[in-house]
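What follows is a single structure, written as C-alpha cells, with notes after it.
Note: hydrogens, waters and symmetry copies are ignored here, and every other heavy atom, side chains too, is used. First listed ligand is number 1; within each ligand, the first listed atom is number 1.
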Amino acid sequence: MATKILLCITFFVLLIDAGVEKASAFDFLSNLRGSHKGDTIEGISILKKYLQDIGYIKSDPSNTNITTNIFDDLLESALETYQSYYGLNVTGFLDDNTMSLLSQPRCGVPDFPEERTDYSFFPGKPKWWTYNLTFAFAQGTRLDAINPVLQALEDWASVSPFRFSVKIFDEANFKINFQPFYGPHQPLAVGFEPTNGSFHFNVHEKWVNGKVPGGFDIESVALHEIGHLLGLEHSKDFHAIMYAYFWPNTVKLTLQPDDIQGLKVLYGF
Ligand SMILES: *[C@@H]1O[C@H](CO)[C@@H](O)[C@H](O)[C@H]1NC(C)=O
Ligand SMILES: *[C@@H]1O[C@H](CO)[C@@H](O)[C@H](O)[C@H]1NC(C)=O
Ligand SMILES: *[C@@H]1O[C@H](CO)[C@@H](O)[C@H](O)[C@H]1NC(C)=O
Ligand SMILES: *[C@@H]1O[C@H](CO)[C@@H](O)[C@H](O)[C@H]1NC(C)=O
C-alpha cells in the first residue's frame, strides 16, 4: 500500500513559554463546547478535518460533508468512536471530558480504532526484515536529545531482539531530526511506519529532559515514536507508551506489557 501517511496531526496546544500562553491550535474548539447533532457552528469543519487526521473519519473524496460546519451523522459517529476508543462516556456530543481530551497535545500518527486489542499496527502490518537496524541524527540536532534517544533505543532493545547501531544519515533505517510542522494542526512529533524510518520532533515545542512545567520530555516521546518506527500503532491502554496523548511536565519511561506484546505479535519473537 502506498505510504498512506499518517502525517498527522495533532495539535499542539498550550505552549507555555516564558509564562506566556501562546494561541492554541485548538482555539476553534472553544466555540463548540456542548454542541450536538443538528447544530451549525463555525469551526465544525475544522473539527471534522482533525478527527479525520487522527483516524476517526475515513478519507473518501466523495465525502463532501467533511467540509461543512453542520454537526451531522458523520461527526456524531466519529465522536462516538473516539469516545469509545478512549473510554469516555459515549455521548455523541462535545461534552466537557471529550473537549478536554481532544485539546491535549498528542502524537501526529492517527489512531486505528477498528482494532480490538489495545495495541495496534499500521494498515497492512508493515515491519522490518531484520532485527539489526541503524539510526542517525540529522546534522545540527540539539545535543541534549542524543542521550535520551539512545536510551529509548536501548529500552526497546532490552525487550526485543532488535539491535541498533549508528550509521551515516542517508543510509540509516531511522532518520531523526527536529523540524517545523505547518498549519493549525501541529503534532508534537511523528514517527513513520516501517520501512520509512523518518522520525520528526516538532521544533516548535518546548523540549526538555525530565519533568519541567510546560515542557515535553524528549526520552518519553522518543520511546513512543520509536514504537511507530518499529511498526506499532497507537494503543488504547492509557499506561502504554503507545498511548497517543502526552502531557507536559510528565515522564513516561517504562515499556508496558501491552507495548511489548504488540511488538511480539508483529514479529513473532
Ligand atoms: C451529509 O450532509 C447532509 C446534508 O446536511 C445530511 O443530510 C447527511 O445526513 C450527511 N451525511 C452524513 C453521513 O452525515
Ligand atoms: C460518565 O458519566 C457519568 C455520569 O454523568 C460521570 O459521573 C462520569 O464521570 C463520566 N465518565 C467519563 C469518563 O466521562
Ligand atoms: C547483527 O549485528 C551484530 C553486531 O551488531 C552482528 O554480530 C550480527 O551478525 C548481525 N546480524 C545480522 C543478521 O546481520
Ligand atoms: C517518509 O514518509 C514521508 C511522508 O510520505 C516522506 O515525506 C519521507 O520522505 C519518507 N521518508 C523516507 C526516509 O522514506
Side-chain angles (χ1 to χ4, degrees), residues 1-10 33-41 44-45 47-49 51-53 56-104 107-110 122-124 126-129 133-139 141 167-183 185 187 189-202 225-226 228-231 233 236-238 243 245:
M1 175 181 320
T3 328
K4 179 193 170 196
I5 282 319
L6 300 179
L7 219 210
C8 321
I9 341 335
T10 302
R33 184 173 298 277
S35 58
H36 288 83
K37 187 156 80 172
D39 293 342
T40 299
I41 307 172
I44 283 188
S45 66
L47 174 62
K48 288 177 181 172
K49 178 63 173 60
L51 286 167
Q52 178 172 66
D53 288 343
Y56 293 88
I57 294 180
K58 293 256 177 317
S59 286
D60 178 352
S62 69
N63 197 349
T64 50
N65 284 30
I66 189 109
T67 58
T68 69
N69 280 323
I70 304 169
F71 197 134
D72 51 16
D73 290 337
L74 179 73
L75 177 55
E76 184 182 56
S77 124
L79 276 177
E80 286 171 354
T81 308
Y82 178 86
Q83 289 165 335
S84 159
Y85 184 86
Y86 282 106
L88 300 168
N89 289 330
V90 179
T91 62
F93 79 100
L94 284 165
D95 59 69
D96 289 353
N97 288 331
T98 304
M99 290 283 288
S100 135
L101 189 63
L102 272 173
S103 52
Q104 283 300 314
C107 171
V109 175
F122 290 95
K127 59 183 185 173
W128 295 94
W129 62 86
L133 295 175
T134 57
F135 66 91
F137 294 93
Q139 216 176 356
T141 297
K167 196 148 193 199
I168 62 168
F169 194 81
D170 287 345
E171 293 174 6
N173 299 125
F174 295 176
K175 296 174 164 58
I176 304 155
N177 75 349
F178 283 76
Q179 69 174 48
F181 291 106
Y182 299 100
H185 310 319
V190 66
F192 290 90
E193 78 273 28
T195 52
N196 174 299
S198 290
F199 172 173
H200 310 306
F201 287 98
N202 187 344
E225 300 305 336
I226 292 164
H228 288 316
L229 299 181
L230 293 173
E233 242 278 20
K236 282 178 222 163
D237 178 354
F238 175 81
Y243 189 76
Y245 287 90

Separation of N65 CG from I44 CD1 (nearest 0.5 Å): 12.0 Å
K48 pairs by side chain to side chain donor-acceptor pair (under 3.5 Å) with which of T68, N69, D53? T68
Which label fits Y82 and Y86: parallel for a plane angle under 30°, tilted from 30 to 60°, or perpendicular past 60°? tilted
In ligand 1, the atoms that come under 4.0 Å of a heavy atom of N65 are 1 (C), 2 (O), 3 (C), 8 (C), 10 (C), 11 (N), 12 (C), 14 (O)
Quick note on ligand 4: atoms under 4.0 Å from a heavy atom of N196 include exactly 1 (C), 2 (O), 3 (C), 8 (C), 10 (C), 11 (N), 12 (C), 13 (C), 14 (O)
Keeping the roles fixed (side chain from N89, backbone from T91), state whether a donor-acceptor pair exists under 3.5 Å. no
Closest to atom 13 (C) of ligand 1 among protein heavy atoms sits L74 N, 3.9 Å
Find out whether I41 and F71 are in side-chain contact, i.e. whether some heavy atom of one side chain is under 4.5 Å from a heavy atom of the other. no
Is atom 9 (O) of ligand 2 less than 4.0 angstrom from at least one protein heavy atom? no
Does the side chain of L79 come within less than 4.5 Å of T98's, by heavy atoms? yes
Strictly inside 4.0 angstrom of atom 4 (C) of ligand 1, do you find any protein heavy atom? no
When only distance counts, is S198 in polar contact with ligand 4, meaning an N/O pair under 3.5 Å? yes
Closest to atom 1 (C) of ligand 2 among protein heavy atoms sits N89 ND2, 1.3 Å
Non-hydrogen side-chain atoms of D95 and L88 separated by less than 4.5 Å: no
Please work out whether the ring planes of F93 and H36 are parallel, tilted or perpendicular, with thresholds of 30° and 60°. parallel
contact_flag G197 ligand 4 heavy-atom lt 4.0 Å: no
Only heavy atoms of N97, strictly under 4.0 Å: list the atoms of ligand 2 that pass. 12 (C), 14 (O)
For D73, the ligand 1 atoms with a heavy-atom partner under 4.0 Å come out as 9 (O), 12 (C), 14 (O)
Regarding ligand 1, does I70 bring an N or O atom to under 3.5 Å of one of the ligand's N or O atoms? no
